[in-house]
Amino acid sequence: MQIMSIHKSQTRDTSTLSELGMVAYRIFSDTGCINIQLLSGKQEERTIPFKDGEVVRFRDVDVQLDVID
(Lines give C-alpha, C1' and ligand atoms only; values in the text may rest on other atoms or scores of the structure.)
Protein backbone atom coordinates (compact mmCIF):
# COMPACT_ATOMS: atom_id res chain seq x y z
CA MET A 1 0.00 0.00 0.00
CA GLN A 2 1.23 3.48 -0.91
CA ILE A 3 0.63 6.46 1.39
CA MET A 4 -0.19 9.80 -0.25
CA SER A 5 0.23 12.76 2.11
CA ILE A 6 -1.97 15.75 1.33
CA HIS A 7 -1.97 19.13 3.07
CA LYS A 8 -5.48 20.55 3.50
CA SER A 9 -4.22 24.05 2.68
CA GLN A 10 -2.90 23.05 -0.76
CA THR A 11 -5.88 22.63 -3.05
CA ARG A 12 -3.65 21.45 -5.94
CA ASP A 13 -0.29 19.73 -5.94
CA THR A 14 1.75 16.89 -7.40
CA SER A 15 3.52 14.01 -5.75
CA THR A 16 5.54 10.93 -6.67
CA LEU A 17 4.55 7.46 -5.48
CA SER A 18 7.25 4.81 -5.80
CA GLU A 19 4.99 2.19 -7.41
CA LEU A 20 2.93 4.51 -9.62
CA GLY A 21 5.06 7.52 -10.55
CA MET A 22 3.77 11.08 -10.73
CA VAL A 23 0.29 11.90 -9.46
CA ALA A 24 -1.60 15.18 -9.29
CA TYR A 25 -4.50 16.04 -7.07
CA ARG A 26 -7.14 18.71 -6.72
CA ILE A 27 -9.32 19.21 -3.64
CA PHE A 28 -12.92 20.28 -4.14
CA SER A 29 -13.82 21.66 -0.72
CA ASP A 30 -17.37 22.56 -1.77
CA THR A 31 -18.19 18.89 -2.42
CA GLY A 32 -15.76 17.30 0.06
CA CYS A 33 -14.03 15.30 -2.68
CA ILE A 34 -10.53 14.97 -4.08
CA ASN A 35 -9.61 14.14 -7.66
CA ILE A 36 -6.39 12.16 -8.10
CA GLN A 37 -4.77 11.68 -11.51
CA LEU A 38 -1.91 9.41 -12.52
CA LEU A 39 0.41 11.27 -14.86
CA SER A 40 2.73 8.38 -15.79
CA GLY A 41 1.94 5.94 -18.58
CA LYS A 42 -1.74 5.56 -19.35
CA GLN A 43 -3.40 8.38 -17.44
CA GLU A 44 -6.10 7.42 -14.96
CA GLU A 45 -8.13 9.45 -12.52
CA ARG A 46 -10.49 8.90 -9.62
CA THR A 47 -12.65 11.20 -7.51
CA ILE A 48 -13.14 10.02 -3.94
CA PRO A 49 -14.28 11.47 -0.59
CA PHE A 50 -11.62 13.75 0.89
CA LYS A 51 -11.01 12.23 4.30
CA ASP A 52 -8.05 10.79 6.17
CA GLY A 53 -7.54 7.07 5.62
CA GLU A 54 -9.61 6.86 2.42
CA VAL A 55 -8.23 4.25 0.00
CA VAL A 56 -8.26 4.34 -3.80
CA ARG A 57 -6.89 1.68 -6.16
CA PHE A 58 -4.79 2.38 -9.26
CA ARG A 59 -3.20 -0.40 -11.35
CA ASP A 60 -3.58 -3.01 -8.59
CA VAL A 61 -1.93 -0.67 -6.03
CA ASP A 62 -3.87 0.66 -3.04
CA VAL A 63 -3.22 4.32 -2.22
CA GLN A 64 -4.23 5.59 1.22
CA LEU A 65 -4.77 9.29 1.89
CA ASP A 66 -2.87 10.84 4.80
CA VAL A 67 -4.54 14.23 5.29
CA ILE A 68 -2.36 16.75 7.11
CA ASP A 69 -3.61 20.02 8.61
Side-chain angles (χ1 to χ4, degrees):
M1 179 175 300
Q2 297 279 284
I3 304 294
M4 184 174 174
S5 297
I6 297 174
H7 294 272
K8 285 183 181 180
S9 62
Q10 294 178 319
T11 57
R12 293 176 176 219
D13 203 358
T14 59
S15 176
T16 301
L17 299 174
S18 62
E19 294 183 43
L20 295 170
M22 285 290 285
V23 296
Y25 71 83
R26 182 173 180 195
I27 299 170
F28 297 97
S29 54
D30 56 332
T31 61
C33 293
I34 183 170
N35 179 269
I36 303 171
Q37 298 178 345
L38 293 183
L39 303 176
S40 310
K42 182 182 173 194
Q43 294 186 354
E44 297 178 48
E45 70 177 283
R46 307 272 192 287
T47 301
I48 60 172
F50 181 54
K51 61 182 180 180
D52 192 45
E54 191 71 25
V55 176
V56 63
R57 188 170 188 83
F58 287 103
R59 300 181 190 158
D60 296 325
V61 176
D62 290 329
V63 178
Q64 181 177 347
L65 298 184
D66 178 24
V67 180
I68 302 168
D69 288 328

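Given the structure is predicted, the values throughout are model-derived calculations rather than measurements. We use all heavy atoms of the structure for the numbers below, so side chains are in, but hydrogens, waters and symmetry mates are not. Quick note: residue numbers are just sequence positions, from 1.
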Original post:
Residues two or more places apart in sequence or in another chain: which of them pass side chain to side chain contact (heavy atoms under 4.5 Å, CB included) with T14?
Top reply: M22, A24

Original post:
Taking the hydrophobic residues Ile, Leu, Val, Met, Phe, Trp and Tyr, and joining any pair whose side-chain heavy atoms are under 4.5 Å apart, which ones share a cluster with I68?
Top reply: none

**OP:** Give, for atom OG1 of T16 and atom CG of L39, the distance between the pair rounded to the nearest 0.5 Å.
**Re:** 9.0 Å

Subject >> CD on E54 to CD1 on I34, rounded to 0.5 Å >> reply: 10.5 Å

Subject >> Pair I36-E45, side-chain contact (heavy atoms from CB on, under 4.5 Å): steps then yes or no >> reply: CA-CA 5 Å; I36 303 171; E45 70 177 283; over 6 Å; no

Which atom pairs, donor and acceptor, lie under 3.5 Å between side-chain atoms of residues 25-33 and protein residues at least two apart or in another chain?
from : atom 1 : to  : atom 2 : distance (Å)
Y25  : OH     : Q10 : O      : 3.4
T31  : OG1    : F28 : O      : 3.3

Could you tabulate the donor-acceptor pairs under 3.5 Å formed by side-chain atoms of residues 55-67, not counting sequence neighbours?
from : atom 1 : to  : atom 2 : distance (Å)
R57  : NH1    : D62 : OD1    : 2.6
R57  : NH1    : D62 : OD2    : 3.3
R59  : NE     : E44 : OE2    : 2.9
R59  : NH1    : S40 : O      : 3.3
R59  : NH2    : S40 : O      : 2.8
R59  : NH2    : K42 : O      : 2.3
D66  : OD2    : S5  : OG     : 3.3

**OP:** Please list, chain by chain and in numerical order, all residues satisfying salt bridge (charged side-chain N to carboxylate O under 4.0 Å, His left out) with D13, sequence neighbours excluded.
**Re:** none

Original post:
When hydrophobic residues are tied together by side-chain contacts of less than 4.5 Å, even through go-betweens, does F50 share a cluster with I48?
Top reply: yes

Original post:
Which residues satisfy the side chain to side chain donor-acceptor pair (under 3.5 Å) test with Q2, sequence neighbours excluded?
Top reply: S18, E19

